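Worksheet: the structure to be examined is printed underneath.
Values in this document were obtained by computation on a predicted structure and should not be read as measured data.
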Amino acid sequence: SHWMLYARNESPMIQHDGRQVWCFDAYDMKKKMAHLLDMPEKERKVIITKKDEKFVHSLSPDQQVLFFVKLKKF
């Protein structure tokens, strides 16, 4: 899932416990993944696992996906 966060321009929502919440359209995820998979693996700046591929392929294009990312304390 980190491969999607890499490509985001928008800011996440921040929860009171410090978690970032990112919302993605499944259609955009599918499009971005297809683009990345078309690139030679050594040219990608991110790693896409088989688990990532399976998850994205299982989504309906009209769905939305939320990612919760815990921030580390500095």
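Follow the hydrophobic side-chain contacts under 4.5 Å out from F55 and you reach F24 in the same cluster.
Under the 3.5 Å distance criterion, the side-chain polar atoms of K30 are left unmatched by any main-chain donor or acceptor of P61. Between the side chain of Q63 and the main chain of S60, a donor-acceptor pair closer than 3.5 Å is present. With K70 contributing its side chain and D17 its backbone, the two residues share a donor-acceptor pair below 3.5 Å.
When the shell of 6.0 Å around CZ of F68 is examined, it contains more than 12 heavy atoms from other residues, nucleotides or ligands.
Every salt bridge (charged side-chain N to carboxylate O under 4.0 Å, His left out) that K50 has, sequence neighbours left out, goes to E53. Every residue two or more places apart in sequence or in another chain was checked for a salt bridge (charged side-chain N to carboxylate O under 4.0 Å, His left out) with R44, and none qualifies.
For the atom pair CG of L59 and CE of M33, the computed distance is 9.0 Å after rounding to the nearest 0.5 Å. Atom CG of L36 is separated from atom CD of E41 by 11.0 Å, given to the nearest 0.5 angstrom.
Side-chain atoms of V65 and M29, non-hydrogen and from C-beta on, do get closer than 4.5 Å to each other. Side-chain atoms of W22 and V69, non-hydrogen and from C-beta on, do get closer than 4.5 Å to each other.
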